[in-house]
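Notes to accompany the following structure.
Atoms within each ligand, like the ligands themselves, are counted from 1 in listed order. Position 1 is the first residue of the sequence, and the numbers go up from there. Both backbone and side-chain heavy atoms feed into the values below; hydrogens, waters and symmetry mates do not. Computed from a prediction, not measured in an experiment: that's the story for all the values here.
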Amino acid sequence: MRLAIIGYGNIAKTLVEQLQKTSYLPLESLCVLTIPERRDEVLLSLQTDYIGLAKVIRVVTNSYDLIADEPDFIVECAGHDAVEQYVPSILMAGKNVLVVSVGALATRSIEQRLKTAALKGGAKLTLVSGAIGGIDLLSALNSVEDLQVTYKGIKPPMAWAGTPAQDAIDLGNITSATMFFKGTAKEAAIQYPKNANVAATLAIAGVGFEKTQVMLIADPNVISNRHEYQVRSLISNYSICLENMPLKGNAKTSILTVYSILREIKNYISPINI
Ligand SMILES: NC(=O)c1ccc[n+]([C@@H]2O[C@H](COP(=O)([O-])OP(=O)(O)OC[C@H]3O[C@@H](n4cnc5c(N)ncnc54)[C@H](O)[C@@H]3O)[C@@H](O)[C@H]2O)c1
């Protein structure tokens, strides 16, 4: 397998760590796209910390060099701006991309650019289920009349530091679960872009950004990131509650996200997909 990863932050590093524990190795090649300032550091880390991971390791700083590496599986895990910067040209070159920064698609113009590029290039953009589950069911129901989706994102107070939540409530001193945002997935994506991935995934799979209801909550009594959502429809009603452990070094990100990327890689390799 010729794997390419866009970005080399928490998710990418944990993905590489997990890949090294799997039986798919060695990869034919691993190509990482990073910002130019981090090129040498990323190359050194891959060559010293992950010996045996891939027969060939390359670190590139633009999408053209990534395409030239001829990867057969590309994972974006670099952020919303990186989706806009690289993914359209990669799709246009006929390469499929698995996107982790799903919240980027909350901006209609970006979603449209990605769609057009995928159509022109004959490529597919896949959105990873990431930190949430049950997306197969929600997506199956999305043409059903009267579908309603309500999502609650509950994290420890400090996981909301650096977001508008810190102006809305006193994150350091709350003693019980406190809701600081209630609105649509569209509004959540604009105000909380770094936490918008789950709401965006639910919106895209289900009833869209304007109709998906979102509540964001800081709770000093939780240590995990909790994602709850309720689906009501004429065909099926269901509720899901996930308690996800955060990644080392990033309280905002659930480690489950990495496992959902691994699932996509497994399905790519395996003759039977599930
Ligand atoms: N779908 C989900 O459920 C889900 C869950 C968690 C996180 N995410 C998203 O996944 C993405 C990655 O998360 P993370 O925790 O690894 O973040 P991170 O900040 O730890 O890592 C991002 C990395 O990308 C690099 N980067 C940024 N801009 C770049 C660019 N233009 N070109 C190349 N590299 C660039 C940064 O240097 C950094 O190393 C984020 O967008 C996050 O919002 C999605």
Side-chain angles (χ1 to χ4, degrees), residues 4-18 31-46 58-67 74-90 97-107 110 125-135 138 151 153 155 159-163 185 188-205 214 224-229 240 242-264:
I5 304 175
I6 305 173
Y8 193 65
N10 283 293
I11 290 181
K13 280 187 207 154
T14 314
L15 175 66
V16 166
E17 262 167 45
Q18 291 301 320
C31 179
V32 172
L33 196 172
T34 183
I35 46 176
E37 307 86 278
R38 294 195 59 211
R39 191 186 175 281
D40 295 346
E41 167 223 331
V42 171
L43 188 59
L44 186 68
S45 158
L46 288 167
R58 285 185 72 202
V59 177
V60 299
T61 55
N62 63 70
S63 57
Y64 302 102
D65 289 342
L66 179 136
I67 295 162
I74 303 169
V75 187
E76 172 285 322
C77 31
H80 297 187
D81 293 346
V83 171
E84 194 175 7
Q85 186 180 351
Y86 308 119
V87 177
S89 58
I90 298 173
V97 183
L98 180 69
V99 164
V100 178
S101 307
V102 180
L105 280 82
T107 309
I110 299 181
L125 178 93
T126 301
L127 304 175
V128 79
S129 60
I132 194 77
I135 295 304
L138 182 55
Y151 163 69
K155 296 186 183 185
W160 296 110
T163 75
I190 292 165
Q191 293 175 42
Y192 296 86
K194 292 203 168 131
N195 289 273
N197 295 295
V198 168
T201 306
L202 293 172
I204 295 165
V214 173
S224 55
N225 295 333
R226 188 176 293 172
H227 300 287
E228 296 178 11
Y229 73 97
I240 284 194
L242 283 100
E243 285 186 21
N244 294 339
M245 292 306 141
L247 270 179
K248 259 189 295 171
N250 186 350
K252 289 189 177 73
T253 294
S254 304
I255 192 164
L256 180 63
T257 307
V258 175
Y259 282 81
S260 80
I261 302 170
L262 284 166
R263 169 180 168 266
E264 299 284 350

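- With rounding to the nearest 0.5 Å, the separation of CG in L247 from OG1 in T14 is 4.5 Å.
- A search for salt bridge (charged side-chain N to carboxylate O under 4.0 Å, His left out) contacts involving R38 returns E41, not counting sequence neighbours.
- For Y86, there are no ring-ring contact (aromatic ring centres under 6.0 Å, His included) partners two or more places apart in sequence or in a different chain.
- The CG atom of N244 sits 11.0 Å away from the CZ atom of R226 when rounded to the nearest 0.5 Å.
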Please give the N or O to N or O pairs under 3.5 Å between ligand 1 and the protein, distances rounded to 0.1 Å.
from	atom 1	to	atom 2	distance (Å)
ligand 1	1 (N)	V100	O	2.9
ligand 1	3 (O)	A131	N	2.9
ligand 1	8 (N)	N197	ND2	3.3
ligand 1	15 (O)	N250	ND2	3.0
ligand 1	15 (O)	T253	OG1	3.3
ligand 1	16 (O)	N10	N	3.3
ligand 1	16 (O)	I11	N	2.8
ligand 1	20 (O)	N10	N	2.9
ligand 1	20 (O)	N10	ND2	2.9
ligand 1	24 (O)	A78	O	3.4
ligand 1	31 (N)	Q85	OE1	2.9
ligand 1	31 (N)	Y86	OH	3.3
ligand 1	32 (N)	Y86	OH	2.5
ligand 1	39 (O)	Y8	O	3.3
ligand 1	39 (O)	G9	N	3.4
ligand 1	39 (O)	R38	NH1	2.7
ligand 1	41 (O)	S101	OG	2.7
ligand 1	43 (O)	N197	ND2	2.7

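- Expressed to the nearest 0.5 Å, how far CD1 of I240 lies from NE2 of H227 amounts to 12.0 Å.
- Among residues two or more places apart in sequence or in another chain, the side chain to side chain contact (heavy atoms under 4.5 Å, CB included) test is passed with P193 by H80.
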